[in-house]
Q: 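One structure, as structure tokens, below. Some questions next.
Below, read A as the first sequence line, B as the second, and so on, with proteins coming before strands; counting in each chain starts at 1. What you are looking at is a predicted structure, and each value in this text was computed from that prediction instead of being measured.
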There are 2 protein chains.
Amino acid sequence: MNRTASIKDVATHAGVAVGTVSNVLNYPDRVSDRTRERVLRSIDELGFVRNDAARQLRVGHSRTIGLIVLDVGNPFFTAVVRAAEDAAALQGSAVLLGDSGHNAGREANYIDLFQEQRVQGLLISPVGDVTDRLDLLRERGVPTVLVDRLADESKFSSVAVDDDAGGYLAARHLLDTGRRRLAFVGGPTSIRQVADRLQGARRAVKEEPDASLEVLEAEGQTVLAGRSVGDMLVERGRAELPEGIFCANDLLALGVMQSVTMTHTFRIPEDVALIGYDDIDFAVSAVVPLSSIRQPTQLLGRTAIELLSEEVESRNPVHRSVVFTPELVVRQSTAALSAR
Amino acid sequence: MNRTASIKDVATHAGVAVGTVSNVLNYPDRVSDRTRERVLRSIDELGFVRNDAARQLRVGHSRTIGLIVLDVGNPFFTAVVRAAEDAAALQGSAVLLGDSGHNAGREANYIDLFQEQRVQGLLISPVGDVTDRLDLLRERGVPTVLVDRLADESKFSSVAVDDDAGGYLAARHLLDTGRRRLAFVGGPTSIRQVADRLQGARRAVKEEPDASLEVLEAEGQTVLAGRSVGDMLVERGRAELPEGIFCANDLLALGVMQSVTMTHTFRIPEDVALIGYDDIDFAVSAVVPLSSIRQPTQLLGRTAIELLSEEVESRNPVHRSVVFTPELVVRQSTAALSAR
DNA sequence: TCGTACCAATGAAACGATTCAAATTTGCTG
DNA sequence: CAGCAAATTTGAATCGTTTCATTGGTACGA
């Protein structure tokens with residue numbers, strides 16, 4: 001098999017100059033109909049495919065955008081990725097996806113790789129505190145947008161979701177449906193997202209003089225962690241059962257639900273209302289469909305791409321931080337108590 | 001900000017020739033210690049990052065491998081992707097990931113993109129019957145390995161999992177734990193995977209003269225579809241309840257489980273045993289931990305990369321099809337009946 | 001018939017790396 | 001210290017595009 005055809009081969013075959021072939025590819029209306037067709041036919045016959053490396057070398061940058069996420073398996077990120085891909089495709093770019101898996105080493109590898117590839121810019125939900133490495137990128141002139149993390153606006157643009165507002169929404173909804181003694185179930189408050197959601201919930205509870213909020217620490221953000229909290233509640237008995245429970249994420253909520261429905265001690269939502277966070281696919285198909293807080297993942301992905309484009313286009317770096325407000329999704333698990 | 005430093009800038013700064021800098025980068029031991037250090041220092045001071053496009057243009061191909069999957073959100077593919085990335089990294093390549101989302105158009109876009117990028121090769125779990133497009137790739141000399149789909153060995157290499165064997169394993173396990181009247185719950189048998197799993201289950205049932213297998217059609221592969229099958233079983237009553245149920249995937253099984261445990265009509269595994277397929281993360285943390293069939297996703301991803309490497313290295317194309325055998329994971333949902 | 005404008009097409013000069021034959025230096029040996 | 005081999009360094013040629021100043025044609029008005 002001989003090597004693939006180049007633009008020069010096409011030019012010879014069509015009997016035109018290389019520049020003309022290039023024009024057919026990039027500025028079709030600079031070329032007369034007759035020659036354009038001739039060139040296109042040659043391209044087809046030779047099976048020519050443009051060599052992007054050469055193009056990139058000449059124009060100085062690629063048409064790709066690097067995107068590094070903490071975990072592609074996480075539904076939140078999967079949704080963001082998909083939205084970003086779509087938005088990028090619309091403006092003629094492609095997304096190179098990297099999964100750091102919460103691992104700083106892998107993250108560093110991807111950053112290096114993407115720099116060698118001369119990506120137009122980088123979207124990243126960084127592992128821990130990596131401002132040093134990101135500063136380096138900035139110095140090298142690689143436009144960067146932080147995803148799901150607020151940034152020092154003097155340095156980076158960023159997109160994030162307002163977790164405080166989400167927490168408020170959830171607690172307010174429990175209060176609005178008549179519950180007064182509430183509980184918050186969440187992992188370590190060292191995680192920024194968890195702390196913010198709790199803070200928002202506290203804010204809502206303060207608005208009602210007769211309302212209270214108990215914090216139930218869970219070890220981790222998993223179904224199993226939720227279940228052990230649920231088991232604990234079952235053991236405590238009905239007297240100490242909160243009227244409404246807000247879990248820092250849907251997995252925890254599902255765990256609590258399992259524990260409660262399995263033992264059949266309490267009914268959801270009659271004895272206790274339950275609301276989660278993230279609105280994962282499983283929420284709607286839980287034993288009792290789970291109310292939740294939905295994050296605007298689509299918007300997040302699309303906006304990230306838009307902010308990046310802004311940075312790429314303009315010379316002088318004006319950074320923006322965009323914060324979205326999450327949305328309440330009401331399902332059966334928090335149905336209002338019928339009047340008694 | 002001035003443009004990024006090139007190899008020539010480094011050469012000038014270090015007072016050597018460009019060839020020497022290149023050697024430092026690619027063949028460090030061809031260079032004396034003294035100059036190597038000097039060059040490395042210059043690289044550091046100038047913040048030089050190799051331009052991969054130029055490198056690629058010269059050597060004729062990239063160091064990347066294209067990977068197109070049907071759905072990154074699907075845990076099966078997520079696992080395969082991760083394994084492929086790791087295996088590729090080990091041999092110094094990076095993976096470009098594309099998500100076709102079962103959409104032939106997006107798939108075609110990614111194929112074109114990857115060709116322009118001159119990827120070393122392509123791993124793909126194709127949308128429907130796209131042998132034409134793949135034939136074209138083959139003609140153009142892009143080594144390709146099919147993932148999760150058997151291939152005509154004269155044309156492509158492929159990696160897949162033996163779904164017939166998986167079906168056999170599941171049914172055999174139900175039989176081995178003393179169940180005789182079995183049921184298969186699955187989506188349309190037009191899906192190859194579903195048909196194969198059913199066929200394997202039938203094979204196992206035939207081995208026991210007193211065993212039977214009923215097929216319960218589900219519309220789709222979701223939790224909700226499973227739940228409606230479960231509701232139907234509950235309605236039919238205990239007399240017609242199968243002793244063991246094999247679901248074509250874990251989501252279906254979780255749906256059946258929800259329906260059954262929620263209404264508290266039957267107990268799992270005492271009244272009916274339940275086994276799923278895929279061993280998703282949720283299986284272990286279901287209300288009753290779910291037995292399942294685990295596919296060797298890691299091996300799948302790693303082997304796909306290895307097969308691809310083989311094709312890339314060798315001139316003459318010898319294709320291989322590798323089929324893996326899945327593995328039984330026993331949990332509480334199929335616990336053996338205690339002697340009565 | 002000439003001048004002017006416009007449109008298409010041309011082809012040489014980059015872009016930044018790798019490669020490799022040739023030039024130079026170094027290290028030994030006698 | 002000459003002579004030779006091995007080790008190191010050099011730099012021009014090359015990869016396949018895009019870009020853009022230049023050339024060649026054609027049409028139109030004066």
Q: List the residues meeting side-chain hydrogen bond (donor to acceptor under 3.5 Å, both in side chains) with B/Gln117, not counting sequence neighbours, and say none if there are none.
A: none
Q: Does anything in residues 109-121 of chain B come within less than 4.0 Å of DNA chain C? Heavy atoms only, and list the residues if so.
A: none
Q: If the condition is salt bridge (Lys or Arg N to Asp or Glu O under 4.0 Å), which residues does A/Asp71 pass it with, not counting sequence neighbours?
A: B/Arg82
Q: Rounded to the nearest angstrom, tell me the gap between atom NZ in B/Lys8 and atom P in D/dA13.
A: 13 Å
Q: So which heavy atom on A/Glu107 is nearest to which on A/Ile124, and how close?
A: OE2-CD1, 3.7 Å
Q: For DNA chain C, just give me the dot-bracket, please: Watson-Crick or G-U, both distances below 3.5 Å, ( ) intra-strand, [ ] crossing earlier pairs, | paired with another strand, . unpaired.
A: ||||||||||||||||||||||||||||||
Q: Among side-chain atoms of A/Asp52 and B/Gln56, is any donor-acceptor pair under 3.5 angstrom?
A: no
Q: Going by ring-ring contact (aromatic ring centres under 6.0 Å, His included), name the pairs with one or both residues in residues 99-128 of chain A, residues two or more places apart or in two chains.
A: A/Tyr110-A/Phe114
Q: For B/Val145 versus B/Ala304, what's the shortest heavy-atom pair and its separation?
A: CG2-O, 4.2 Å
Q: Return the set of residues passing side-chain contact (heavy atoms from CB on, under 4.5 Å) with A/Val322 (not counting sequence neighbours), or none when no residue passes.
A: A/Val159, A/Thr303, A/Leu307, A/Phe324
Q: So if I apply the side chain to side chain contact (heavy atoms under 4.5 Å, CB included) rule between B/Ile43 and each of B/Val10, B/Ile7, B/Asp9, which one comes out positive?
A: B/Val10
Q: Should we say atom CG of A/Asp281 is surrounded by more than 12 heavy atoms from elsewhere, each under 6.0 Å from it?
A: no
Q: Which residues pass the side-chain contact (heavy atoms from CB on, under 4.5 Å) test with B/Ala87, sequence neighbours left out?
A: B/Arg302, B/Ile305
Q: May I have the distance from B/Ile7 (atom CD1) to D/dG11 (atom C1'), rounded to whole angstrom?
A: 13 Å
Q: Give the residues of residues 18-39 of chain A touching DNA chain D, defined as any heavy atom closer than 4.0 Å, sorted by residue number.
A: A/Gly19, A/Ser22, A/Asn26, A/Tyr27
Q: Below 4.0 angstrom, which residues in residues 58-65 of chain A have at least one non-hydrogen atom near DNA chain D?
A: A/Arg58, A/Val59
Q: Figure out the CG/P separation between B/Leu57 and C/dC15, and round it to whole Å.
A: 14 Å
Q: Could you pull out all residues at least two apart from B/Ser42 that satisfy side-chain hydrogen bond (donor to acceptor under 3.5 Å, both in side chains)?
A: B/His13
Q: Partners of B/Ser32 by side-chain hydrogen bond (donor to acceptor under 3.5 Å, both in side chains), sequence neighbours excluded?
A: B/Thr35
Q: Could you pull out all residues at least two apart from A/Arg106 that satisfy side-chain hydrogen bond (donor to acceptor under 3.5 Å, both in side chains)?
A: B/Glu85, B/Asp86
Q: Starting the side chain at C-beta, find the nucleotide from D/dT17, C/dT18, D/dC15 nearest to A/Phe48.
A: D/dT17
Q: Tell me the interatomic distance from B/Asp52, atom CG, to C/dA17, atom P, rounded to whole angstroms.
A: 10 Å
